[in-house]
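Data first, discussion second: the structure below is written as structure tokens.
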Amino acid sequence: MSLGNIRQGKLRLQKWYLATSDKERKKMVRELMQVVLARKPKMCSFLEWRDLKVVYKRYASLYFCCAIEGQDNELITLELIHRYVELLDKYFGSVCELDIIFNFEKAYFILDEFLMGGDVQDTSKKSVLKAIEQADLLQEEDESPRSVLEEMGLA
Amino acid sequence: MPAVSKGDGMRGLAVFISDIRNCKSKEAEIKRINKELANIRSKFKGDKALDGYSKKKYVCKLLFIFLLGHDIDFGHMEAVNLLSSNKYTEKQIGYLFISVLVNSNSELIRLINNAIKNDLASRNPTFMCLALHCIANVGSREMGEAFAADIPRILVAGDSMDSVKQSAALCLLRLYKASPDLVPMGEWTARVVHLLNDQHMGVVTAAVSLITCLCKKNPDDFKTCISLAVSRLSRIVSSASTDLQDYTYYFVPAPWLSVKLLRLLQCYPPPEDAAVKGRLVECLETVLNKAQEPPKSKKVQHSNAKNAILFETISLIIHYDSEPNLLVRACNQLGQFLQHRETNLRYLALESMCTLASSEFSHEAVKTHIETVINALKTERDVSVRQRAVDLLYAMCDRSNAPQIVAEMLSYLETADYSIREEIVLKVAILAEKYAVDYTWYVDTILNLIRIAGDYVSEEVWYRVIQIVINRDDVQGYAAKTVFEALQAPACHENLVKVGGYILGEFGNLIAGDPRSSPLIQFNLLHSKFHLCSVPTRALLLSTYIKFVNLFPEVKPTIQDVLRSDSQLRNADVELQQRAVEYLRLSTVASTDILATVLEEMPPFPERESSILAKLKKKKGPSTVTDLEDTKRERSVDVNGGPEPAPASTSAMSTPSPSADLLGLGAAPPAPAGPPPSSGGGGLLVDVFSDSASVVAPLAPGSEDNFARFVCKNNGVLFENQLLQIGLKSEFRQNLGRMFIFYGNKTSTQFLNFTPTLICSDDLQPNLNLQTKPVDPTVEGGAQVQQVVNIECVSDFTEAPVLNIQFRYGGTFQNVSVQLPITLNKFFQPTEMASQDFFQRWKQLSNPQQEVQNIFKAKHPMDTEVTKAKIIGFGSALLEEVDPNPANFVGAGIIHTKTTQIGCLLRLEPNLQAQMYRLTLRTSKEAVSQRLCELLSAQF
């Protein structure tokens, strides 16, 4: 199962839960983007692609896609996407694409906290966010202030 | 730059990302990235030791660059260093980098494993979770080897935090999926099942996923999960919409967990315990009832979550296939969805109904929706939904509605999307054949197919129509008349010319009495198409002409003139030229008697599985089609024509090659296409002896092919005839195996004195131990009995054991023998190795006796993915990026026997151009190389 954000052919985030070679991954991403971007609104959110089923949903400028196996439940996967978007939204406070671009590592951490190995780890919004916020707290404690120059990589 | 910057803002990173976003062109972006890469490289190489923060920042930048699609070939070491930082944020970035950019560099893996080991032992739940995530993200075999034994302990330890348990469960699941052999079952398994009772819903959710996967391999070990899952499900289903607090999703209690529990139950047959079963049925009914209640929210999330549970419930009902009442209710519910305004629901309803159509309890109920489905075919705007409608029509088709469904599919074909035309053509062709009562309808349908979608009519389809016309004399005159009429059209498809040419060549005489279709008119009609056709069609037409010479002596001079013309005799194509020369000569020198013998009407084709069906199966993947077919076959008695039962199990028959099977003329030797059915070729599978009990039947024809199909898989139907079906399920581990044999009585009468016997030849006996218990000698009509065979491989072996079954059916004695597919490769354990190891071992096995090589022609289309799947199914590991030539496949594994273990290396080199393979096997034992090579060669 993979999850990616696609916009105008730009991939914002991808996560693979099956061993796949780099070359193959690039090929699959390219192919999948073409297929999904060609879909018109109001079409159904599921489509068969290779031997997988793709579940996708568009949120503003971003497409969220999951590739699942034939016997997996499509509707619950659609809601999986929605729950992830809710988590992002809650964390960033009305999330937009820029948040995901500039804080891509956070987007990954939230995804990891929510899904593991392609399976949902916890569906409670509270538990997931609590875990992330705890981590943030840990970071702030051990962050010492730095000079602006250093931050810019000029020091 | 966005205002949000939570936690630590790495400003350097943000600046860099902004820079990239501001780049006006791809070139500018690459330039900026190269500059950054140079900067990071110099920082990493610099003398000044970097502090953790800088390291983290640069690693993060590298990650960003990688995610933009650029290759990253350094920084791994710095990322690994971050793992051992005691600052959470640095550790976290280190792990992220590792999981996104794993490198199989063994030195690095060792360091990473070390860091993970420390974190797992740290007792700091946050660190432990990070480490578990990393293992799950990488999921490589090395990691499995290092940690597979520790994780179950963490999972069931009493003092593990809930979050750690959740991560451990899913991490273990991931490792098990990647390399099941590494995860040892043990006393922890029972405790995992009890996690279903855990108070923390998150733990239960993670545990269900793990159990669902583990129980597939060891159903008995996890059997207690059924009752636990049922009671958990029942509690959720009956809870009020707010009871579960944060696990309620848009007023639906715990939808994810519910779906997973329902999925888990689908791994088992219906519960045996009546109380548990009653409780479960109650749950399923509650879900169906809730679907009728008004929604608690207008949000789509509410209905999606609710319906996700509903569809999973329906899947479980279909899986049980035993509660007629529930099946019909499920069908009615799906019927409502067929007209729902949500496209998603219509799509899923069509898909789900497809499986319902194959249940005998709900087939009729599904059929009542035919008009809605046909309407969907006409009005749906989304091709994927229309595709589902086609599938459903195909699944619900039976003799009563075949004419309507075939007509609708034909009319849809005129406007269908190009992507699905070929599949529709195949489906129409199959349905038309299967449910033809009147074969004139069949002929009309196929000719219509060619007219509407000639380009999508594959060879198999027109071969098949010819096979059927030849085998049924009641339709031959009609077929001749119809093709003659169809050929009148000024522009007709080349496939029609082929069918027309063949049929008129055989049966043109049946319409020659009518002056409107006299021999000369027939010939002129065909010849008017000749010059527009491709070489193979022209070759076929030349054969038709020589057949005409025999059928209609009056047109002989005209035909001889044509054959004699320069455009034939001196044709640049060697096949056409040869046919022209030989036919011309034949028509001149042979007497009419000889001509009549050589050019006699084709004998009937042996009955065989429709080659079209084989093609559709190949297209759709075997499982999806077979199930439908199997159940349908039982419902509709054979309609393939011919008095004999069609041997359902000879499915491995290859498609007929056009020159040998159909024409039997020209360059190919003029052998008739197989013996006629009356001589018994593929006809009777069961030898019916009058009363000679102790005789062991010769191997049933077709069982060879079936045997070969089991070399790379473990489950399926081994044998089937009108009376009996034998199914297999088996599993092997190291040198041991267990095989479940299912005997199904397909009739409504008892089998008496039912005695299956396993026979090992004297050569086989010392090498293979088989143990089993006798089965009940009476098998009721429609019942299935099961026999378990325990298998032990003592030493390597070549032959296969034979399963002989004797029983009495309605007064006659039946005797069937089939080879049991227990082959040496079943005791394979895959071995992963790197390129250099492989070639080093390859060289070590360079003794001439150790190597066996076979060069052979591809019998199946040469598809890389299929080949890979077969090699893996064969049991060896498929080693990627080992062979310098990426087109080649190499594999490695160990054959486990009781006495010894034999390392095996294999290499398969396809030659696409020549459609050939070269297979090389190297093992330490000649007989093993020989046998493995034999078995594997037969698979391609």
Side-chain angles (χ1 to χ4, degrees), chain A residues 11-14 17 19 21-22 26 40 42-48 51 71 73-76 78-80 82-83 91-93 96 98-99 101-106 108-109 112 116-127 131 134-136 138-140 142-143 146 148 150-153, chain B residues 1-2 4-8 11-12 14-15 17 21 39 53 60 63-64 67 69 87-89 92-93 96 126 133 136 139 163 166-167 170-171 173-174 178 201-202 205-206 209 246-247 249 254-257 259 263 301 304-305 307-308 311-312 343-344 346-348 381-382 384-385 621 880:
Chain A
L11 188 61
R12 298 301 182 204
L13 187 147
Q14 53 175 324
Y17 296 111
S21 72
D22 253 6
K26 281 187 184 159
K40 298 192 188 74
K42 289 241 173 135
M43 279 189 162
C44 107
S45 315
F46 323 122
L47 53 107
E48 274 166 44
D51 52 351
Q71 77 275 15
N73 191 309
E74 295 91 346
L75 285 175
I76 208 74
L78 203 55
E79 291 319 301
L80 195 82
H82 186 74
R83 170 70 13 136
Y91 180 79
F92 288 109
C96 69
L98 285 177
D99 293 323
I101 297 172
F102 280 94
N103 300 284
F104 68 96
E105 80 284 8
K106 292 285 181 222
Y108 271 101
F109 296 148
D112 265 351
M116 184 167 176
D119 258 299
V120 29
Q121 174 162 249
D122 205 324
T123 61
S124 154
K125 210 154 51 172
K126 271 190 204 142
S127 315
Q134 259 175 2
D136 277 343
L138 273 175
Q139 313 196 151
E140 270 150 21
D142 55 36
E143 273 318 294
R146 323 191 138 258
V148 176
E150 221 179 320
E151 288 288 355
M152 305 289 279
Chain B
M1 237 187 291
V4 177
S5 164
K6 277 217 173 186
D8 66 325
R11 230 167 294 164
V15 170
I17 296 177
R21 284 178 54 75
N39 172 39
Y53 171 81
C60 218
L63 195 56
F64 182 77
L67 293 172
K87 286 189 182 164
Y88 179 77
T89 144
Q92 197 183 22
I93 294 287
L96 179 60
T126 331
H133 270 289
S163 61
Q166 281 167 275
S167 299
L170 293 178
C171 179
L173 170 60
R174 176 74 163 83
M201 296 277 271
T205 310
S209 300
D246 212 27
Y247 289 89
Y249 179 83
W256 277 276
L257 183 53
V259 166
R263 180 105 282 211
Q301 283 76 24
N304 278 350
N307 290 327
F311 275 105
E312 209 57 61
T343 316
N344 289 345
R346 294 198 303 273
Y347 174 96
L348 293 173
R381 285 193 299 170
D382 185 346
S384 37
V385 184
E880 306 268 13

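Numbers restart at 1 for each chain; the letters A, B, ... are given by sequence-line order, proteins then strands.
- Within the 4.5 angstrom heavy-atom criterion, only side-chain atoms of A/Y108, from C-beta onward, approach chain B.
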Working note: A/I101 + A/R12, criterion side chain to side chain contact (heavy atoms under 4.5 Å, CB included); need CA distance, chi angles, decisive distance, verdict. CA-CA 7 Å; A/I101 297 172; A/R12 298 301 182 204; 3.7 Å; yes
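- Residue A/K42 comes nearest to B/T343 through the heavy atom pair O-OG1, 3.2 Å, listed as atom of the first residue, atom of the second, then distance.
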Between A/E48 and B/S384, does a side chain to side chain donor-acceptor pair (under 3.5 Å) hold up when you go through it step by step? CA-CA 8 Å; A/E48 274 166 44; B/S384 37; over 6 Å; no
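- Contact annotation for A/I76: both backbone and side-chain heavy atoms come within less than 4.5 Å of a heavy atom of chain B.
- Here the closest heavy-atom approach between residue B/A308 and residue A/N73 is recorded as O-ND2, 2.9 Å.
- Shown here are the salt bridge (charged side-chain N to carboxylate O under 4.0 Å, His left out) partners of A/K126, two or more places apart in sequence or in another chain: there are none.
- Chosen from B/L96, B/N307, B/T205, B/L63, the residue pairing most often with chain A at heavy-atom distances under 4.5 Å is B/L96.
- Residue A/K40 does not touch chain B at all, counting heavy-atom pairs closer than 4.5 Å.
- Under the salt bridge (charged side-chain N to carboxylate O under 4.0 Å, His left out) criterion, A/D122 pairs with no residue, sequence neighbours left out.
- With a 4.5 angstrom heavy-atom cutoff, B/R346 does not touch chain A via any of its atoms.
- Within the 4.5 angstrom heavy-atom criterion, only side-chain atoms of A/E74, from C-beta onward, approach chain B.
- Of the residues considered (B/Q301, B/R174, B/Q166), B/Q301 shows the highest number of contacts with chain A, using heavy-atom pairs under 4.5 Å.
- Both the backbone and the side chain of B/I17 come within less than 4.5 Å of a heavy atom in chain A.
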